[in-house]
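Only one structure is covered here, and it is reproduced in the block below.
We count ligands from 1, going down the list as the structure has it; atoms in each ligand are counted the same way.
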Amino acid sequence: MIKTRIETVNEKYLDRKVLAEAGNILKTGGLVAFPTETVYGLGGDALQRESSRKIYAAKGRPSDNPLIVHICRWEDIGKITRKIPEEARKLARAFWPGPLTMILEKADVVPAETTGGLSTVAVRMPDNPIALALIDAAGGYVAAPSANLSGKPSPTLAEHVAEDLSGRIEMVLDGGAACIGLESTIVDLTEKAPVILRPGFITRDMLEKVLGRPVGEERSLMGMEEGRAPKAPGMKYRHYAPAGEMTVVAGKEQEVTKTIQRLADEKMRAGEKVGILCSRETKDFYRADRVEAAGTREDEAEAARHLYALLRSFDRHHVTCIYSEAFSGEGIGQAVMNRLLKAAGYHIIKTGENRRESE
Ligand code: AMP
Ligand code: MG
């Protein structure tokens with residue numbers, strides 16, 4: 001067990017002493033969790049293989065799942081990449097610092113441990129003064145996946161990090177709530193055309209506007225494949241998963257609320273503890289052990305901000321069964337829906353189509 005120091009840092013009045021200490025921990029091979037605008041990151045020196053190994057161990061993450069390298073100055077990208085495509089420059093100018101990760105060809109200084117053995121590297125410049133100051137204090141290159149235990153929802157508060165990683169890392173910098181609440185958009189720039197590997201706050205439209213050409217989307221983004229049931233629940237890769245069995249219900253609002261309530265009633269009668277994740281507009285329709293509104297229908301960014309904390313709150317209350325309304329699939333709603341489906345292991349019921357998928 002390591003003793004984990006928790007330090008509160010104000011992003012307007014950066015405590016240089018604490019940041020220098022945190023930077024030193026990283027330089028000497030230790031781990032520090034820190035706030036970013038997306039979610040909290042678990043940082044280690046990206047150029048030391050031992051640091052990356054420690055990150056995997058602390059999270060319990062499979063070591064073939066690569067880490068994102070965080071930088072604090074555009075110029076620093078040259079050292080860790082083999083070539084810098086013009087499109088990377090354009091995207092950085094438009095969106096960095098910000099919630100966009102780019103996949104590029106990696107240079108030899110980046111150890112295979114950091115990239116999960118790949119010849120490419122994921123790079124991002126976060127839009128948070130504490131994160132930027134920490135990266136600078138650490139020497140410029142901080143590998144950081146989300147600071148949760150593997151399989152748990154990503155942390156949007158320092159309390160979530162402490163819940164998962166206390167005793168496993170040297171320090172947590174507490175900078176308050178993450179303002180976006182979902183992980184960065186990942187775009188692969190190593191192929192002929194740019195491809196979105198993970199949706200986030202920066203949407204496909206925004207990328208296409210800057211690049212002036214079509215941007216692809218990985219086919220599996222919004223499901224295992226429409227209409228195809230996963231073979232066995234245990235075989236599904238549940239990435240962002242609450243402890244309770246989760247189902248997303250899509251369709252017209254009235255049908256959705258009716259279906260969720262009917263299923264919730266059945267489960268409660270069977271002795272399950274049921275949680276419902278909905279919008280403020282529909283909250284009053286439901287009766288269950290816990291009913292939580294993630295936000296309003298009009299502002300899906302609000303749902304993005306609250307989603308992971310609500311999933312964790314279901315865990316804390318030992319909810320065994322969760323039903324969630326679906327989101328629009330437009331703009332940030334697409335990222336919310338992508339994370340919901342992952343949390344649910346792609347278990348979705350489509351009302352009004354007379355069929356149930358993946359049940
Ligand atoms: P996390 O930081 O926990 O959100 O996880 C980082 C994400 O970036 C994971 O989904 C990785 O699979 C992805 N990633 C990191 N590096 C690469 C890479 N070189 N190529 C493709 N995906 C990557
Ligand atoms: Mg993660």
- Where on Lys106 is there a heavy atom closer than 4.0 Å to ligand 1, on the side chain, on the backbone, on both, or on neither? neither

- Item | Residue Arg53 excluded, over 12 heavy atoms near CZ under 6.0 Å | yes

- same_hphob_cluster(Ile55, Ile25) at 4.5 Å side-chain heavy-atom cutoff: no

- Proximal candidate to atom 21 (C) of ligand 1 [heavy atom criterion; set Val69, Ile55, Ile103]: Ile103

- Do Gln48 and Tyr141 meet the criterion of a side-chain donor-acceptor pair at a distance under 3.5 Å? no

- Using a 4.0 Å heavy-atom threshold (strictly under), name the region of Ala144 that reaches ligand 1: side chain, backbone, both or neither. backbone

- Roughly how far apart are Met125 CE and Asp76 CG, rounded to 0.5 Å? 8.0 Å

- Query: OH/Tyr323 to OG1/Thr259 distance, rounded to the nearest 0.5 angstrom?
  - Reply: 10.5 Å

- Note on the structure: Atoms of ligand 1 under 4.0 Å from any heavy atom of Ser146, numbered from 1 in the order shown, are 1 (P), 2 (O), 3 (O)

- Per-residue contact class, Arg61 against ligand 1 - non-hydrogen pairs under 4.0 Å: side chain

- For Leu118, take its heavy atoms, then give the atoms of ligand 1 lying under 4.0 Å from any of them. 18 (C), 19 (N), 20 (N)

- Message: When you group the ILVMFWY residues by side-chain heavy-atom contacts below 4.5 Å and let the links chain together, are Met171 and Leu14 in the same group?
- Response: yes

- Task: Given salt bridge (charged side-chain N to carboxylate O under 4.0 Å, His left out), test Lys17 with Glu21 step by step and report yes or no.
- Result: CA-CA 6 Å; Lys17 187 166 160 274; Glu21 282 170 8; 3.7 Å; yes

- Query: Do you see an N/O/S atom of Ser146, backbone or side chain, under 2.8 Å from the Mg ion (ligand 2)?
  - Reply: yes

- Item | Under-4.0 Å heavy-atom contact with ligand 1, by part of Thr120 that carries it | both

- Gln254 atom CD: more than 12 heavy-atom contacts under 6.0 Å: no

- Per-atom filter on ligand 1: closer than 4.0 angstrom to a heavy atom of Ala122 are 15 (C), 16 (N), 17 (C)

- Closest to atom 11 (C) of ligand 1 among Val110, Asn65, Thr115 (heavy-atom distance): Asn65

- Message: Please classify the Asp188 to ligand 1 contact at 4.0 Å (heavy-atom distances, strictly less than): side chain, backbone, both or neither.
- Response: neither

- Structural part of Leu197 in contact with ligand 1, heavy atom criterion under 4.0 angstrom: side chain

- Of all the atoms in ligand 1, which lie at a distance below 4.0 Å from a heavy atom belonging to Ile186? 7 (C), 8 (O), 13 (C)

- Note on the structure: Numbered in order shown, the ligand 1 atoms found under 4.0 Å of a heavy atom of Pro145 are 1 (P), 2 (O), 3 (O)

- Item | Quiz item: cation-pi between Arg339 and Phe327, 6.0 Å / 45° | no

